[in-house]
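Naming: A, B, ... by sequence-line order, numbering from 1 per chain.
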There are 2 protein chains.
Amino acid sequence: MLSQKAKYALKALLILSERPADVPVQVVELAEEGNLPRKFLELIMLELKKHGMVHSQRGKHGGYMLAALPSEITFGDVVRAMDGPLAPIPCASLTAYRKCADCTNEKTCAVRIMMRRVRDAASEILDNTYLSNMSSDGVEALSDQLVSA
Amino acid sequence: MLSQKAKYALKALLILSERPADVPVQVVELAEEGNLPRKFLELIMLELKKHGMVHSQRGKHGGYMLAALPSEITFGDVVRAMDGPLAPIPCASLTAYRKCADCTNEKTCAVRIMMRRVRDAASEILDNTYLSNMSSDGVEALSDQLVSA
DNA sequence: CAATTCCCGATAGGATCAATAGACAATAAG
DNA sequence: CTTATTGTCTATTGATCCTATCGGGAATTG
């Protein structure tokens, strides 16, 4: 499941992607344009900042700016930052592997093998799509995307 | 995330897949062989029965049996029965679509488009792999599987 | 009838999630 | 320098779900 947090984060970052890179956008503005709960979004932006994905400026005319180009930030980056590993089960995760308590022979565990495949498929999609691929300009070129994917 | 429930269900069903189809297997036996919590597994087997995936027999020498051939039950069936839709977000689900409260224009929502792709990829994997593909016999033929997948 | 085994309801602790409130800190503008 | 603005941070809340267990009831076999 994708959390609300991750969904809101993605929406906010996509909004930022369509703005000039050097003009800070306030949380209130992000919340209104994205139809997102303001206070909750504050937390989220803060967390994105801690992950180095956005910069912030305080005081009047302050706000948030992307810390990298929209063509450098993937959906996978954002989802992992907010929700943790893509793998449906820890024993199938690359970035946060953890053994199942109940597992006896991991090498042949069908569940793990299958969930690893699911993880790989999700990664293939999310780690190869950048914010720039999906901003309103980008979405127009979507039919091309779908063919190549 | 795959719940413990779904994981246990899959493990139990895989055990049943390797037994003669007409001999009931008791919950205790499934729990021991699979290293699963017995009481919890009782609930799970019951739920699997309600979903028509297993039959049960009461009384002495009772237990559970698969309601279909291992070559007829997919991982997707089991995961959906236990955890609900595969889609990471309801608005991207085929089987249990629900609109996001905050969404304004669904057609162009990047989050939805991406999550739909993830859903499709997971479905492609889980709905095309059967219990029989992953029972201990099946796992030997795995390298073939991987090539074709 | 007695033993066995599934069936079922209740429940409990814990974790996580979604969201808000309210005070504090930095910055810009006048 | 003062004031308004806006990000920063901590705490807290309610809700929901997850995992798991307990204990007894109902069916079936021998």
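- A straight line from NZ of K5(B) to C1' of dA20(D) spans 12 Å, rounded to a whole angstrom.
- Side-chain N or O atoms of N35(A) include one that pairs as donor or acceptor with a backbone N or O of D102(B) at under 3.5 Å.
- Side-chain contact between M1(B) and P90(A) is present, with at least one heavy-atom pair separated by less than 4.5 Å.
- When side chains are defined from C-beta on, V23(B) does not count as touching M65(B), because their heavy atoms never get closer than 4.5 Å.
- Taking every heavy atom of residues 21-35 of chain A and every atom of DNA chain D, pairs under 4.0 Å involve Q26(A), V27(A), by number.
- Proximity of S56(B) to the phosphate of dC7(C): a side-chain N or O atom is located under 4.0 Å from OP1 or OP2.
- For F40(A), the side-chain atoms get nearest to dA18(C) when compared with the rest of dA18(C), dT19(D), dC7(C).
- We find that CE of M45(A) is positioned 13 Å from C1' of dT6(D), with the value rounded to whole Å.
- The phosphate of dT8(D) (OP1 or OP2) has a side-chain N or O of K49(A) nearer than 4.0 angstrom.
- For the salt bridge (Lys or Arg N to Asp or Glu O under 4.0 Å) test with E33(B), the passing option among K11(B), R38(B), R19(B) is R19(B); the others fail.
- Between A6(A) and L43(B), it is L43(B) whose nearest contact on DNA chain C lies nearer the 5' terminus.
- Per the geometry, CD belonging to E47(A) stands 12 Å off C1' belonging to dC17(C), to the nearest Å.
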For side-chain contact (heavy atoms from CB on, under 4.5 Å), just list the numbers for I15(B) and V25(B), CA-CA rounded to whole Å, side-chain angles, deciding distance to a tenth of an Å, and then say yes or no.
-> CA-CA 9 Å; I15(B) 294 174; V25(B) 183; 5.5 Å; no
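- Atom CG of L46(B) is separated from atom P of dA27(D) by 14 Å (rounded to the nearest Å).
- Put simply, NZ on K39(A) is 21 Å from P on dC17(C), counting in whole angstrom units.
- Contact detail for A12(A) and L30(A): the closest heavy-atom pair is O-CD2, 4.0 Å.
- In this model, no side-chain donor or acceptor of K60(A) finds a partner on the base of dG7(D) within 3.5 Å.
- In this model, the phosphate group of dA19(C) is approached by a side-chain N or O of Y8(A) to a distance below 4.0 Å at OP1 or OP2.
- Taking both residues in full, the closest heavy atoms of M82(B) and K5(B) are given as O-CE, 3.5 Å, listed atom of the first, atom of the second, then distance.
- In this structure, H61(A) atom NE2 and dA28(C) atom P are separated by 10 Å, rounded to whole Å.
- When the P atom of dT4(C) is taken as reference, atom CZ of R38(B) falls 13 Å away, rounded to whole Å.
- To the nearest angstrom, P of dA18(C) lies 10 Å from CD1 of I89(B).
- In terms of modelled atom types and a separation under 3.5 Å, the side chain of S123(B) and the main chain of R119(B) share no donor-acceptor contact.
- Without hydrogens or angle criteria, R112(B) side chain to C91(B) main chain gives a donor-acceptor distance under 3.5 Å.
- Each of Y64(B) and Q57(A) was assigned the nucleotide of DNA chain C with the nearest heavy atom; the assignment lying further toward the 5' end belongs to Y64(B).
- Defining each end axis of the helix from dC1(C)-dG30(D) to dG30(C)-dC1(D) as the rotation carrying four pairs' C1' atoms onto the next four, with five pairs an end, the two axes are found to diverge by 10° to 10 degrees.
- The closest side-chain heavy-atom distance from L16(B) to M45(B) is below 4.5 Å.
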